[in-house]
Amino acid sequence: MLALAASRIQSPLQSLIEKLNDVLSSTQTLQVRLTIAMKTLAQDMGADTAILYLLTPDHYLEVYACYDSVTPDHKKIRFRVGEGIVGLIAANGKSLICDNISRHPNFLHRPGIADQVNLSLLGVPLISSRGIIGVLNLQNPPSKPFEVWREKSLWEVGNYLGSLPDLDRFPALNSNDGKIEGVQTLQGTSFNPGIAIGTAVIHQPYSWKESAFCENTKDESERLKDAIRNMIESIDRLKETTPNLDKHTEDVLTSYQMIAADRGWVRKIQEYIQKGFAAEAAVQKVRRHTRERYAQIGDSILKGRLSDFEDLASRLLKHLSGKDAVSEDLPESTILVAQNLGPAELLDYDRRFIKGLVLEEGVHTAHVAIIARALDIPVVGRVPLLLSRVSAGDKLIVDGALGTVKVNPKSEDLLEAREKIVQLKKGQVINKELQDKPCVTQEGIPVTLTLNAGLPIDLHHLEELHFEGVGLYRTEIPFMMRSSFPDVKTQTEIYRDVIEQAKGLPVTFRTLDIGGDKVVPYMWRVQDENPVLGWRAIRVALDKPAILRQQVRALIRASEGQDLRILFPLVTDLTEYRDARQYVAQEWERAKQHQAVLPKSLSYGVMLEVPSIVDQLEPLLKEVDFISIGTNDLFQFYFACDRTNPTVSNRYDPLSTTFLKYLRNILYACNKAKIPVSICGEMAGKPMEALALLAIGFRNLSASGPSSGALKKMILSLPLKEASTFMEAALEDYAPTLRPALLDFAKKHKVFV
Ligand code: PEP
Ligand code: MG
């Protein structure tokens, strides 16, 4: 009676485990029993498919048992640990629930099982007492996603299966670190194509000591002295070993040496240490006091000296953390390996040695990826558990196009990679032939390609690829590459150099767009909880008009007798644009009063990066000369989806009908108002995305130099009229992505995407 009552109140999970127990206690072979168990599991949990992957001795996760109500025939597919979603679950030892796997950053399509790419998935690791031995997955069409509460049930089933004595003969993943010895291929996401062979250098982000207090003031004082000594030595070395230092840099370095040796400065830091503060905290305190003192001084020369103090404090903190100047002793072919990296941090390295970049996190549109593309460095991002699988000194082959990293490859892999490098170089020669052709579609419709630039190295692409000008010059990049704030004179030189290199082609200078992921280390920073939504771009310029005015002054000076095009970033409200314009007008007036030679013309542009300004387009278009759509930011704000957060950045697709229609409406409004509009986000530089943009009517694209070969190849092969007709029909319906349809179109019409 009691037993009956107990069985009646059994939870659904308990009864499922009991059913599985019955199945697995039969006398059939293990594989047959587990296959029946998969069917029981799938039916019980409302899944079309249930798959059990077990670890093989060579560290693959291989399908061992499977039930699929849709396609019963399966191949033995396998994933490396860390590879694809299955590999990720094993590598992380965590469950995963996903409404559409094709959107997951780690998605890797292996034909052979549940052969659709669009699937919802619930997966758990199979954990035995020895470690992870496999992965258990349930799959459904996206219309039947798994409820979150099912995760716990599957986890319990996974625990139950993992503890089966029958599975003891399968190897377990070393749960300490997931590290696998010998050759391994890690799968990530392609951020920039190209192949590089080199030695892994692990980027060490420098973090300040957490605790503000020290345990032993004597030791702490010695630590400070050592750090200062090292810092002075490294500045000396920099001066000695850098040929042709320009005068400004030399002055800055000399002034650093003077401050570093300044007894007053050092003494103040030491005083704080004597009070019991850790050296890092002491440096921070002195830094703050210096800032406060200088804030009251009006003299701009003295104020300039403040940035020297600031930079020096940053350097000292770096030395205190034991991380010396990052560029020292880099192997000649360095593959930089990092959890994540800011754009300024990448620029901190000596670019001559950096041949490739691999990130555990990162996203395609983050600025570090943009800069790496400009430098033409192959980049693979989002490699799961990268830092626990690659050690400093490992030999790596980075394949930026495939998104793979081979760790300690065999000699035949190296040979193959070298051969690919040679082929790529040859391919670039062919591309060069392409560059000389006019940029028109198959039916001869012209498309204007302009260059996105910011690094000095970018400008040579102008001539090489016959761009029609610089569509976006990111002025913040030279700021990020310096160790102190460039004054008007320095800025004038920078902009003049750009204008000279452009040789009469139009250059669109975007005013400083700092903040978000673009950190300028020597500038004041607001501790934003949410930097991307915080104090950045035009918001900084309007709150610190001196910065904007100095920049405009330099731009006016550099553009004497030329056309000056000024573009404002992250404008959110019309008044911001009007206010910024006011400051430009004041500088124009000032230059006139000083009888300076003025630019030949002045045009104003606004970047559409925030949906609220898109809703103010009508009045805005009456007041601007041109529009530039920054799809990187616009996309992230439109979908409320942080562009630097790999967990969500792939969740939505710029090729969704919603976003494309949104862009098309902007285009219509601009065309109606006869205001030129171009797209300068990363979208414009990707062949498939550019195909869609041209098909909805855009004709001006601005892209980075290295991405434009492929872009132009696509344009030359594009039957635009067909593409427009296709797109018009496609946009009639709703689709979260047109990517597969566009791929079909491209295949059918032999468009190079
Ligand atoms: C953009 O947001 O699309 C853009 C071009 O600006 P940035 O990438 O520099 O933020
Ligand atoms: Mg932007």
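Both ligands and their constituent atoms are indexed starting at 1 by order of listing.
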salt_bridge(Arg536, Asp633) N-O dist < 4.0 Å: yes

Can you tell me which residue and heavy atom of the protein come closest to atom 2 (O) of ligand 1, and the distance to 0.1 Å? Glu609 OE2, 2.8 Å

Minimal heavy-atom distance between Val488 and Thr492, with the atoms involved, is O-OG1, 2.5 Å

In short, Leu386 meets Glu360 closest at the heavy-atom pair N-OE1, 3.1 Å

Which is it for Glu682 and ligand 1 at heavy atoms under 4.0 Å: side chain, backbone, both or neither? neither

For ligand 1, indicate whether the residue Leu634 contacts it via side chain, backbone, both or neither (heavy-atom separation under 4.0 Å). neither

Answer yes or no for Arg565 and Phe626: cation-pi contact, defined as NZ/CZ to six-membered ring centre under 6.0 Å and angle to ring axis within 45°. yes

Is there a side chain to side chain donor-acceptor pair (under 3.5 Å) between Gln551 and Thr475 once you walk through the steps? CA-CA 9 Å; Gln551 181 168 39; Thr475 57; 2.9 Å; yes

Is a salt bridge present between Lys489 and Glu493, judged by a nitrogen-to-oxygen distance below 4.0 Å? yes

Proximal heteroatom of Asp633 relative to the Mg ion (ligand 2) (N/O/S): OD2

Those atoms of ligand 1 less than 4.0 Å from some heavy atom in Lys518: 7 (P), 9 (O), 10 (O)

Is the contact between Leu472 and ligand 1 made by the side chain, the backbone, both, or neither, using heavy atoms and a 4.0 Å cut-off? side chain

Of all heavy-atom pairs between Thr404 and Val380, which one has the smallest distance, and what is that distance? O-CG2, 3.8 Å

Which of the numbered atoms in ligand 1 are under 4.0 angstrom from any heavy atom belonging to Met607? 4 (C), 5 (C)

Residue, atom name and distance, where the atom is the protein heavy atom closest to atom 7 (P) of ligand 1: His367 NE2, 3.2 Å

Closer than 4.0 Å to some heavy atom of Ile370 - which atoms of ligand 1 meet that? 8 (O)

In Glu609, the N, O or S atom nearest to the Mg ion (ligand 2) is which? OE2

Do side-chain atoms of Glu609 reach the backbone of Leu570 as a donor and acceptor pair under 3.5 angstrom? yes

To which protein heavy atom is atom 6 (O) of ligand 1 closest, and what is the distance rounded to 0.1 Å? Arg510 NH1, 2.9 Å

Output yes when the distance from some N or O of ligand 1 to some N or O of Thr631 is under 3.5 Å, and no in every other case. yes

Going by the 4.0 angstrom heavy-atom rule, the piece of Asn452 near ligand 1 is neither

Gly630: numbered ligand 1 atoms lying under 4.0 Å from its heavy atoms: 1 (C), 2 (O), 3 (O)

Atom pair CG (Leu434) and NE2 (His466), whose distance is rounded to the nearest 0.5 Å: 11.5 Å

Parallel under 30°, tilted from 30 to 60°, perpendicular over 60°: which one fits the rings of Tyr652 and Phe639? parallel

Compute the minimum heavy-atom distance from Leu570 to ligand 1 and say whether it is under 4.0 Å. no

What atoms of ligand 1 come within less than 4.0 Å of a heavy atom belonging to Asp633? 1 (C), 2 (O), 3 (O), 10 (O)

